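The structure displayed is predicted, hence computed values, not measured ones. Below, chain A is the first sequence line, B the second, and so on; all start at residue 1.
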Amino acid sequence: MRIATFNINGVNTRLANLTAWLRAEAPDVVCLQELKARGEHFPEKAMRDLGYHAVWEGEHRWNGVAILSRGGPPIVTRRRLPGDTSDCQSRYIEAAVEGVLIACLYQPNGNPRPGPKFDYKMAWAERLNRHAASLFGTGAPVVLAGDFNVVPTDADIYNTRSWKSDALLQPESRAAFAALLDQGWTDGLRERFPKDPPPWTFWSYFRASWARDAGLRIDHLLLNPEASARLTDAGVDREVRGEEGASDHAPAWIDLRSREG
DNA sequence: ATGTCGAGCAAAGCTCGA
């Protein structure tokens, strides 16, 4: 079972990019972030025509998350990250797919920092860690997949210089991510690529980042022990970032062997 | 500080978010 995460940065604007990738790679499950489309504008028919069931949380203009599955339909277990009923941004959706619990998340970017956006990011991270702890020991395989908007260490970026004050690299952001890993989650990409540099998942539109391969690793797939025991491979479909009209992210994925295997 | 994108509003170029 291949589970991918892809910050699509506008699901309708990049529908051609998305469908070309789905046709080429045919991942079993896909977590999408930054739909930038309200719910009624989600391209459900296009997904269905490609053989994917879809569940999603849209939002006016920004954010928005979805889970696609081409096997059994995703059974939604949550549409909001618990812990703050006043938070109405669409950044989390969770579903069971063929016995695997999948959390699709889009952590706030947090810029500019300091300020209310960064405070929101850190509060959101705190809520994520609390909820992740409750998912960790359920006994089922669990995968937390998405755009965490965190560069975990200095090894996860081409060069820290121009990003030093960015919210993605701050000690607080990193500490929250490290605390999440300390719960016992396995970083799927790092498991497969332990040597530096790891594969990047994001290249900014600024400063010809793609042409210079000036990338960051901010899209992550975290596995609890039940999922990690089934991990066979991981990767990034980086060629997707080089296409005409590409998102600034590339899809990242893990492969899990079947329960029988 | 800068750079480049997308969506929305409203009818072009700005604003906000990233």
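- Between dA12(B) and dG8(B), the distance separating the two C1' atoms is 13 Å to the nearest Å.
- Between the CG atom of N7(A) and the C1' atom of dC5(B) there is a distance of 12 Å, given to the nearest Å.
- In this structure, the NE2 atom of H249(A) is 13 Å from the C1' atom of dG6(B), given to the nearest Å.
- With dA7(B), dT2(B), dA18(B) as the candidates, the nucleotide lying closest to the side chain of R207(A) is dT2(B).
- To the nearest whole angstrom, the two C1' atoms, one in dA18(B) and one in dG3(B), are 13 Å apart.
- Taking atom NZ of K117(A) as the reference point, atom C1' of dT15(B) lies 12 Å away to the nearest angstrom.
- In summary, the side chains of Y158(A) and W163(A) do present a donor paired with an acceptor at a separation below 3.5 Å, with no hydrogens or angles considered.
- With DNA chain B read from its 5' end, the first of the two nearest nucleotides for G245(A) and N111(A) is the one closest to G245(A).
- Rounded to a whole Å, the CD1 atom of I8(A) is 11 Å from the P atom of dA7(B).
- Not one N or O on the side chain of D147(A) forms a donor-acceptor pair closer than 3.5 Å with the backbone of D219(A).
- The side chain of H41(A) contributes no N or O atom lying less than 4.0 Å from OP1 or OP2 of dG6(B).
- Per the geometry, CZ belonging to R212(A) stands 12 Å off C1' belonging to dT2(B), to the nearest Å.
- Nucleotides dT2(B) and dA7(B), compared at atom C1', are 23 Å apart to the nearest Å.
- Look at CH2 on W62(A): it is 8 Å from C1' on dG8(B), rounded to the nearest Å.
- Nearest-nucleotide positions on DNA chain B for S162(A) and R38(A) put S162(A) closer to the 5' end.
- Across all non-hydrogen atoms, the minimal contact from L180(A) to W185(A) is O-CD1, 3.0 Å.
- Distances were taken from every side-chain heavy atom of R61(A) (C-beta onward) to each of dA18(B), dG3(B), dT15(B); the shortest belongs to dT15(B).
- Spacing between atom CH2 of W203(A) and atom C1' of dA18(B) amounts to 17 Å, rounded to whole angstrom units.
- The pair R257(A)-D233(A) does not meet the salt-bridge criterion, since no charged nitrogen lies less than 4.0 angstrom from a carboxylate oxygen.
- The CG-P distance, from N149(A) to dG17(B), rounds to 15 Å in whole Å.
- For H60(A), the listed nucleotide lying nearest its side chain is dG8(B); candidates were dG8(B), dA18(B), dG17(B).
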Original post:
Which is it for D255(A) and R192(A) under the salt bridge (charged side-chain N to carboxylate O under 4.0 Å, His left out) test, yes or no, and what are the steps along the way?
Top reply: CA-CA 11 Å; D255(A) 284 340; R192(A) 171 69 178 76; over 6 Å; no
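- The side chain of R91(A) contributes an N or O atom lying less than 4.0 Å from OP1 or OP2 of dA18(B).
- With both ends at atom P, the span from dA10(B) to dC16(B) equals 15 Å, rounded to whole Å.
- Residue-level contact check: F202(A) touches neither bases nor backbone, having no heavy atom under 4.0 Å from any strand.
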